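Right, one structure below, let's go through it.
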2 protein chains.
Amino acid sequence: MVDSAALAGFAGLLADQTRAAMCLALLNGKPWTMGQLAKHAGVAPSTASAHLTLLVAGGMLADEHKGRHRYLRLADRKMAGLLEDILSHIDSVEPKAAMARARTCYDHIGGELGVAISDAMLRQKLIVDSGFALTKDGLAWLEQVGVDVAALQATRRTLARPCLDWTERRFHLAGAAGAALCRTAFDSGWIERTKSERALRLTPAGTAAFAGLLGVTPESLS
Amino acid sequence: MVDSAALAGFAGLLADQTRAAMCLALLNGKPWTMGQLAKHAGVAPSTASAHLTLLVAGGMLADEHKGRHRYLRLADRKMAGLLEDILSHIDSVEPKAAMARARTCYDHIGGELGVAISDAMLRQKLIVDSGFALTKDGLAWLEQVGVDVAALQATRRTLARPCLDWTERRFHLAGAAGAALCRTAFDSGWIERTKSERALRLTPAGTAAFAGLLGVTPESLS
DNA sequence: GCGACGTTTCGTTGACGGCCGCAATATCGG
DNA sequence: CCGATATTGCGGCCGTCAACGAAACGTCGC
């Protein structure tokens with residue numbers, strides 16, 4: 001039996017807006033330094049340091065001292081998953097047009113939606129299994145979607161690569177192509193940001209678009 | 001920014017031990033009255049009333065006025081599911097700072113440490129397989145550890161019995177001997193309480209002691 | 001209607017926690 | 001070694017919130 005003190009103590013870690021903001025910032029899976037988090041949360045470094053010490057002691061975060069920096073990240077994937085569970089529950093109070101837990105991972109689409117898209121692209125041989133490199137069909141498909149492939153190839157950035165999602169433990173499409181696809185999805189009104197600035201909502205238009213382009217059905221996202 | 005406020009607000013509902021105790025009590029799915037919850041949480045009715053109003057306003061609980069009673073229950077099944085998710089995560093995170101998932105089970109040692117100790121005692125025939133009764137060697141071993149066996153036998157309490165651990169689904173030593181062993185371990189500095197008051201931390205001295213007395217190695221606790 | 005009981009509101013008290021600035025410590029670059 | 005940068009520790013201030021008792025309110029049983 002988990003006693004009330006343990007539950008209250010754990011919840012107390014997130015019950016402060018400053019600490020909550022820090023944990024949310026770390027949801028992208030990348031380590032931040034103490035100073036970055038302090039600035040992000042809008043508090044003095046000394047204040048942030050105390051908060052982060054609390055969060056680490058409470059098992060929410062893990063830290064690593066490297067030189068004069070203290071890098072912080074979520075303790076593990078399970079913690080990231082729990083945070084997202086809580087967030088999705090909070091979000092679910094409002095209209096639930098979103099049928100999937102989707103979110104941006106830096107500049108590309110992550111979460112279940114990202115994995116579903118990548119799965120479908122693999123199935124249709126638009127990308128290859130190893131390294132997620134785009135096939136000829138994949139390049140053509142991107143053009144059809146509305147991406148300026150030539151412009152992408154002009155940059156030095158890797159065109160397509162896999163990115164491991166925290167909670168899904170699955171790969172999804174990243175790289176220049178992933179970012180371009182995400183931008184197109186926004187521009188076309190297929191996805192839009194929720195208030196949380198991190199979560200995505202798949203619009204009805206987006207549902208139709210992904211169904212037509214990839215055969216991704218709403219059921220495959222549940 | 002807006003998101004962190006929502007998260008902090010929600011977590012804040014559970015961040016108080018009194019409110020946490022109330023929510024835990026409601027996890028059985030049955031409605032409780034205000035007075036019952038007040039007594040259960042150990043606070044005055046006026047205090048409990050304020051807390052429950054908060055929890056209802058925050059969407060965690062639902063209430064229903066019937067006559068002169070106010071019946072409270074979790075808002076919905078999803079909320080109950082979320083609570084259980086959080087609790088299960090806490091269970092796996094709580095002992096993270098310790099080298100083993102140890103905890104007290106009433107007055108004796110439970111968790112992985114308790115199971116490991118009992119396993120070792122079985123292996124060394126200090127207790128018998130059925131009923132965990134102490135053997136002659138077991139009584140001598142307890143004396144060696146520093147337990148006043150004669151004093152234990154003077155009480156009416158069962159000397160040794162098995163206790164089924166919640167999460168391990170394995171038996172560990174309980175009864176007067178289990179309690180005495182736990183007390184000795186505290187007094188000798190082999191184990192100490194973490195802040196959570198429920199989890200235990202095995203000290204280096206404890207690691208050495210259990211290794212010498214039972215051949216229990218840290219590896220067997222992982 | 002009249003107590004008995006459960007609940008709520010109000011006002012007060014006291015403790016805890018977040019915040020800052022400043023000083024101290026540790027590391028990196030030159 | 002020195003200045004710059006990053007982080008931590010220490011006081012002290014201030015707002016917030018949980019706690020209580022007393023009193024008011026509403027309901028039930030007789």
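Keep in mind it's a predicted model, so treat the numbers as computed, not measured. Reminder, nothing fancy here: chain letters follow the sequence lines and each chain counts from 1. Scope of the values below: all heavy atoms of this structure, side chains included, with no hydrogens, waters or symmetry mates.
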Less than 4.5 Å apart, side chain to side chain, heavy atoms only: is that true for A:Leu159 and A:Gln153?
yes

In residues 55-65 of chain B, which residues come under 4.0 Å of DNA chain D by heavy atom?
none

Who passes side-chain contact (heavy atoms from CB on, under 4.5 Å) against A:Ala160, sequence neighbours left out?
A:Leu134, A:Leu173, A:Ala177

Please report the distance, rounded to the nearest Å, between OH in A:Tyr71 and C1' in D:dA6.
11 Å

Side chain to side chain contact (heavy atoms under 4.5 Å, CB included) evaluation trace for B:Leu213 with B:Trp190
CA-CA 12 Å; B:Leu213 291 168; B:Trp190 297 343; 3.7 Å; yes

Below 4.0 angstrom from OP1 or OP2 of D:dT7, is there any side-chain N or O of A:His69?
yes

side-chain contact (heavy atoms from CB on, under 4.5 Å) partners of A:Ala50, counting only residues at least two apart
none

Would you indicate whether the side-chain heavy atoms of A:Asp16 and A:Leu54 approach each other to under 4.5 Å?
no

Check: B:Leu113 and B:Ile191 side chains under 4.5 Å, non-hydrogen atoms
yes

According to side-chain contact (heavy atoms from CB on, under 4.5 Å), who are the partners of B:Ala80, at least two apart in sequence or on a separate chain?
B:Leu27, B:Leu74

Applying side chain to side chain contact (heavy atoms under 4.5 Å, CB included) to B:Met22 and B:Leu72, what does each step give before you reach the verdict?
CA-CA 10 Å; B:Met22 290 168 166; B:Leu72 298 159; over 6 Å; no

Using a heavy-atom cut-off of 4.0 Å to chain B, what are the terminal contacting nucleotides of DNA chain C, in 5' to 3' order?
C:dA4 to C:dT9

The complete set of side-chain hydrogen bond (donor to acceptor under 3.5 Å, both in side chains) pairs with one or both residues in residues 47-64 of chain B, sequence neighbours excluded, reads B:Arg19-B:His51, B:Asp63-B:Arg70

Atom CE in A:Met34, atom NZ in A:Lys39: separation rounded to 0.5 Å?
13.5 Å

Going from CG on A:Leu142 to OG1 on A:Thr184, what distance comes out if it is rounded to the nearest 0.5 angstrom?
8.0 Å

What residues form a side-chain contact (heavy atoms from CB on, under 4.5 Å) with A:Ala8, not counting sequence neighbours?
B:Gln17, B:Ala20

Got a list of protein N/O to nucleotides 28-30 of chain D N/O distances below 3.5 Å?
none

Here the gap from B:Met60 atom CE to A:His89 atom NE2, rounded to the nearest 0.5 Å, amounts to 9.5 Å

How would you label the contact of B:Thr33 with the nucleic acid (heavy atoms, under 4.0 Å): base, sugar-phosphate, or nothing?
sugar-phosphate

What bend angle does the helix from C:dG1-D:dC30 to C:dG30-D:dC1 show across its length, from five-pair end axes and to the nearest 10 degrees?
40°

Applying side chain to side chain contact (heavy atoms under 4.5 Å, CB included), run through A:Leu14 and B:Leu14 and close with a yes or a no.
CA-CA 10 Å; A:Leu14 290 172; B:Leu14 290 172; over 6 Å; no

For each nucleotide in nucleotides 11-22 of chain D, reading 5' to 3', give B when a protein heavy atom comes within less than 4.0 Å of its base, S when such contact involves only the sugar-phosphate, and - otherwise.
-------SSBBB

Hey, could you give me the CG/CD1 distance between A:Leu82 and A:Ile86, rounded to the nearest 0.5 Å?
4.0 Å

So, is A:Arg70 near the phosphate of D:dT8, with a side-chain N or O under 4.0 Å from OP1 or OP2?
yes

